[in-house]
Number of protein chains: 2
Amino acid sequence: MKQKIDIEKLLKERGFKLTKQRIEVFNEILRKRGHFEIEDIVHFLRKKNLKASRATVYRTLNILKEIGLLKEVIKFGNKTYYEVGTKDHHDHLICLNCGKFIEFHNDEIEKIQERICNEFNFKPVYHRLEIYGICEDCLNREDDSKSGDKIPG
Amino acid sequence: MKQKIDIEKLLKERGFKLTKQRIEVFNEILRKRGHFEIEDIVHFLRKKNLKASRATVYRTLNILKEIGLLKEVIKFGNKTYYEVGTKDHHDHLICLNCGKFIEFHNDEIEKIQERICNEFNFKPVYHRLEIYGICEDCLNREDDSKSGDKIPG
DNA sequence: GTACATGCAAACCTTTTGCAGTTCC
DNA sequence: GGAACTGCAAAAGGTTTGCATGTAC
């Protein structure tokens with residue numbers, strides 16, 4: 001674990017209290033590191049017999065978003081996917097077959113985006129680039145047998 | 001109206017029937033040309049006293065998506081926004097203040113995306129690039145008075 | 001005539017909220 | 001002690017579905 005995030009400080013700075021539930025939700029998010037959806041967190045807590053209601057998980061995630069520890073990245077199939085927001089900015093390749101999220105970053109694209117915004121006198125705040133398709137693993141697997149679509153989860 | 005789309009042919013080719021409701025929904029979409037959400041269609045039909053239930057509108061939009069006349073473009077604030085799918089591919093600047101969608105297209109970005117996909121042995125199917133920020137009009141208006149956030153609609 | 005489409009209402013899913021009881025500081 | 005937080009259950013969107021009825025072909 002390279003970076004140590006002082007969740008207590010971050011919460012208290014903004015007048016939020018440090019509660020058992022918030023700590024558990026936060027630990028689980030850090031443990032995941034990758035992309036996840038709300039139900040992942042809810043189920044994990046259930047399994048570990050830690051109690052935090054679904055409502056609390058939602059409320060906690062919203063707070064974490066507010067203090068910048070969490071990003072709401074992708075809306076796909078009526079679900080919202082999150083990731084830890086302390087990483088550097090990047091975009092995503094999303095596999096339509098297995099639901100995998102692959103991260104990439106490209107400076108050229110970012111530069112061109114800036115240029116486009118200038119052309120339109122548009123002040124950018126954030127952006128989202130998602131490329132949907134079939135990942136390497138699934139392409140290889142397709143050689144053997146055809147498989148149906150899946151929704152990421 | 002430059003292009004004439006033969007909705008009857010497109011539907012029948014795939015074994016769909018040509019019904020009053022489908023024609024009305026389709027006409028309204030063509031009339032709009034820009035971006036819209038389901039409720040826009042539902043309300044319009046109500047106002048014109050044309051009857052197509054909300055369920056039928058949903059079902060019709062899904063069929064139109066299937067036959068490629070419609071694209072589901074953007075998920076924002078738990079809503080789905082659509083646009084006519086016969087236009088050339090383009091991406092979007094989205095104003096966080098007034099909800100305006102501005103279209104742009106950039107070949108360089110598309111090329112770079114291809115390159116990235118190659119690097120990852122990823123077979124792209126479609127992509128989505130959305131830049132969120134403040135549009136020119138809203139920036140100008142901000143000089144006079146500060147205004148709160150709005151959700152596009 | 002019959003397979004398919006529609007309307008309605010109910011169901012579903014994700015997310016938010018009101019409120020009474022609990023916890024943190 | 002009191003403001004903030006939690007859990008629950010209910011509500012609130014958006015979207016889908018089951019079923020009886022209606023319609024295109």
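Every chain is numbered from 1 and lettered A, B, ... according to where its sequence line falls, protein lines coming before strand lines. Bear in mind that the values here come from a model prediction, so they are computed numbers and not experimental data.
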Item to complete: Among A:Tyr82, A:Tyr132, A:Tyr81, find the residue that satisfies the ring pair (Phe, Tyr, Trp, His ring centres under 6.0 Å) test when tested with A:Phe101.
Response: A:Tyr81
Worksheet item: Rounded to whole angstroms, how far apart are CZ on B:Arg22 and P on D:dT23?
Response: 15 Å
Fill in: Distance in angstrom units between B:Lys12 NZ and C:dA3 P, rounded
18 Å
Worksheet item: Any side-chain N or O of B:Gln21 less than 4.0 Å from the OP1 or OP2 oxygen of D:dT23?
Response: no
Practice prompt. Salt-bridge test for A:Lys75 and B:Glu130: reply yes if a basic N is under 4.0 Å from a carboxylate O, no otherwise.
Written response: no
Worksheet item: Side-chain donor-acceptor pair under 3.5 Å between A:Gln113 and A:His127, yes or no?
Response: yes
Discussion item. Any salt bridge linking B:Glu28 with B:Arg31? Criterion: basic side-chain nitrogen under 4.0 Å from a carboxylate oxygen.
Written reply: yes
Practice prompt. Taking all heavy atoms of B:Cys95 and all of B:Ile134, pick out the closest pair and write down the distance.
Written response: SG-CA, 4.0 Å
Worksheet entry | Salt-bridge present (A:Glu8, A:Lys17; N to O < 4.0 Å) | no
Worksheet item: How close or far is atom P of C:dA3 from atom CZ of B:Arg14, stated in whole angstroms?
Response: 23 Å
Fill in: Reading 5' to 3' through nucleotides 14-23 of chain C, protein heavy-atom contacts under 4.0 Å coded B for base, S for sugar-phosphate only, - for none
SBBBB-----
Discussion item. Taking the side chain as everything from C-beta on, heavy atoms only, tell me whether A:Arg59 gets closer than 4.5 Å to A:Arg22.
Written reply: no
Fill in: Protein-nucleotide distance (B:Phe26, atom CZ; C:dA5, atom P), rounded to Å
17 Å
Response to the item:
To the nearest angstrom, the CD-P distance between B:Glu24 and C:dG7 comes to 12 Å
Worksheet, complete the sentence: Rounded to whole Å, the CD1-P distance (B:Ile63 to C:dT6) equals 7 Å
Worksheet item: In whole Å, what is the span from the CG atom of A:Leu11 to the P atom of D:dT6?
Response: 10 Å
Discussion item. For the helix from C:dG1-D:dC25 to C:dC25-D:dG1, what angle separates the axis at the start from the axis at the finish, each from five pairs, in steps of 10°?
Written reply: 30°
Worksheet item: Okay, side chain of A:Asn27, backbone of A:Glu24: is any donor-acceptor separation there less than 3.5 Å?
Response: no
Practice prompt. For D:dG7, take OP1 and OP2 only and decide whether either is under 4.0 Å from a side-chain N or O of A:Thr56.
Written response: yes
Discussion item. To the closest 0.5 Å, what do you measure between CD1 (B:Ile74) and CZ (A:Arg128)?
Written reply: 9.0 Å
Discussion item. What is the separation between atom CG on A:Leu61 and atom C1' on D:dC5, rounded to the nearest whole Å?
Written reply: 15 Å
